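Please read all numbers here as calculations on a predicted model, not as lab measurements.
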Amino acid sequence: MKKRLQLVLVVVLSLFVLAACGGNNASNGNANDGANDSSNNNATNNGGDSYVVGATQIVEHPSLDAAYEGFQKALEDASLDVTYDYQNAQNDQNNVKTISDNFVADDVDLIFANSTPSALGALNATADIPILFTSVTDAVDAGLVEAMDQPGDNITGVVDLHPDGIAETVKFIDEYFEGAKVGLIYNAGEKNSVAQIEAVKEAGEGTSLSFDERTVSNSSEVQQAATTLAGDIDVFYIVTDNTVVSALDAVVGVANEQQIPLVVGEPDSLEKGGFVTFGIDYFSIGYRTGEMAVEILQDGKTPAEIDVEYPPEIQLYINKSAAESQGVEWNDDWDESAEIIE
């Protein structure tokens, strides 16, 4: 009887042990399943639903800001879930490198480079992360791409200079200010600006115009450059130089005081007091760059598959109030040919 009781006890204990083991196995299996589900969900979120874009520009001014707004709007319209890491270099080349290196270290999904220095900094920092630039005047001359239809392996974008923009501006000056000496102020350290100044001089060949220039290395030098030019020139022409445009108020002050027409390189500078420009809409080129970002992030294209593009069109803009402040005699033709800003 004792032996039978002992046998029953052994069997019962064995069943308890098996049940306990089975319970542990089931628990472990559920935990593993949960871990696998979590891992799969994370992979899905990181792989297709959300993105981190590193956005960098050389300095804050209206044209660059408008381009960045356009870029964001295009991604918003495409319903992409994007987190932006926006960094302003404050016109400091050391900051440009640091920002680009940090984007690479953070392994962002795409870099939006808003200016020539920013694009160069990004390209020097990575050959793998896709880079889209805008507010770049000459992507080929700057060394960003080999040709407009030959983008780099990881870089492309939209330039901010219409092929006819400078030529049309010089033609306008020659027509309405015949024989004028034109004053140019720019930062010789900005390849973007050097390319434009060369284009201005080339467009001026065979016209009645002559040119005088001053170079600056930072915005604090702009006032002095404008003042020293004022006594020798008839017209200011400020191209889309980041350094000078960021201190355009100083040039406007001299132009108004000395009654010198101020020709500028883009419409946003008219709002600061420029007189006339053949300009583009920076929001629109930023928007188009954003559409390129959608093609890359959502549709799987590479920058190498997307040609660099020019702005679609240019428009003559005139600030009538600035014309009065700078002693410009109004021409009735402008009422028909220009978009007038009061």
Side-chain angles (χ1 to χ4, degrees), residues 61-67 70 115 134-138 158-177 180 182-186 190 192-193 195-197 199-201 203-204 207 209 211 213 222 226 233-256 260-286 310-331 333-342:
H61 71 67
S63 294
L64 298 183
D65 297 342
S115 73
T134 197
S135 308
V136 168
T137 297
D138 190 332
V158 182
V159 298
D160 67 357
L161 183 65
H162 192 280
D164 300 327
I166 285 178
E168 289 295 325
T169 302
V170 171
K171 181 180 177 182
F172 178 92
I173 299 171
D174 186 41
E175 181 177 356
Y176 296 106
F177 303 93
V182 180
L184 309 169
I185 307 174
Y186 65 101
E190 291 189 27
N192 170 66
S193 303
Q196 290 182 79
I197 295 300
V200 168
K201 293 177 180 177
T207 69
L209 305 177
F211 301 95
E213 62 189 75
V222 173
I233 64 169
D234 305 296
V235 175
F236 279 114
Y237 181 12
I238 304 301
V239 297
T240 56
D241 178 281
N242 294 307
T243 302
V244 181
V245 171
S246 67
L248 191 67
D249 289 345
V251 186
V252 171
V254 174
N256 291 349
I260 301 173
L262 173 56
V263 179
V264 292
E266 33 76 35
D268 289 315
S269 289
L270 293 185
E271 297 180 6
K272 289 187 173 184
F275 153 52
V276 63
T277 188
F278 276 91
I280 64 167
D281 180 0
Y282 273 77
F283 183 92
S284 69
I285 63 171
Y310 289 108
E313 59 185 20
I314 54 173
Q315 167 70 45
L316 177 63
Y317 297 86
I318 294 179
N319 182 333
K320 196 167 187 176
S321 297
E324 293 174 359
S325 298
Q326 293 157 18
V328 177
E329 183 179 348
W330 190 257
N331 190 298
D333 292 345
W334 300 340
D335 290 315
E336 298 296 330
S337 60
E339 183 171 326
I340 306 300
I341 299 173
E342 297 291 344

Distance check, rounded to the nearest 0.5 Å: [X] atom [atom1] versus [Y] atom [atom2]?
| X | Y | atom1 | atom2 | result |
| --- | --- | --- | --- | --- |
| Ile185 | Phe236 | CD1 | CZ | 5.0 Å |
| Asp65 | Ser135 | CG | OG | 9.5 Å |
| Ser63 | Asp281 | OG | CG | 9.5 Å |
| Leu161 | Ile280 | CG | CD1 | 8.0 Å |
| His61 | Thr243 | NE2 | OG1 | 9.0 Å |
| Asp138 | Asp160 | CG | CG | 10.0 Å |

Whether Phe278 and Phe172 hold their rings parallel, tilted or perpendicular, with breakpoints at 30° and 60°: perpendicular

Results of side-chain contact (heavy atoms from CB on, under 4.5 Å) for Ser193 - residues two or more places apart only: Tyr186, Glu190, Asp241

For Tyr310, side-chain contact (heavy atoms from CB on, under 4.5 Å) partners two or more places apart: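 Once residues adjacent in sequence are excluded, the partners of Tyr310 under the side-chain contact (heavy atoms from CB on, under 4.5 Å) criterion are Met148, Val159, Pro163.
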
Return the minimal non-hydrogen interatomic distance between [X] and [Y], and the atom names on each side.
| X | Y | value |
| --- | --- | --- |
| Ile233 | Val235 | CD1-O, 3.6 Å |
| Pro261 | Phe275 | CB-CD2, 4.0 Å |
| Leu262 | Gly273 | CD2-O, 4.2 Å |
| Asn331 | Tyr176 | ND2-CE2, 3.5 Å |

Main-chain N/O of [Y] paired to [X] side chain as donor or acceptor, under 3.5 Å:
| X | Y | value |
| --- | --- | --- |
| Thr277 | Tyr317 | no |
| Glu266 | Ser269 | yes |
| Lys320 | Trp330 | no |
| Gln196 | Ile166 | no |

Residues Val254, Val251; criterion side chain to side chain contact (heavy atoms under 4.5 Å, CB included); working and verdict: CA-CA 5 Å; Val254 174; Val251 186; 5.7 Å; no

From CA spacing to verdict: side chain to side chain contact (heavy atoms under 4.5 Å, CB included), Tyr237, Leu209: CA-CA 12 Å; Tyr237 181 12; Leu209 305 177; over 6 Å; no

Full working for side-chain hydrogen bond (donor to acceptor under 3.5 Å, both in side chains) between Ser325 and Asn256: CA-CA 5 Å; Ser325 298; Asn256 291 349; 4.7 Å; no

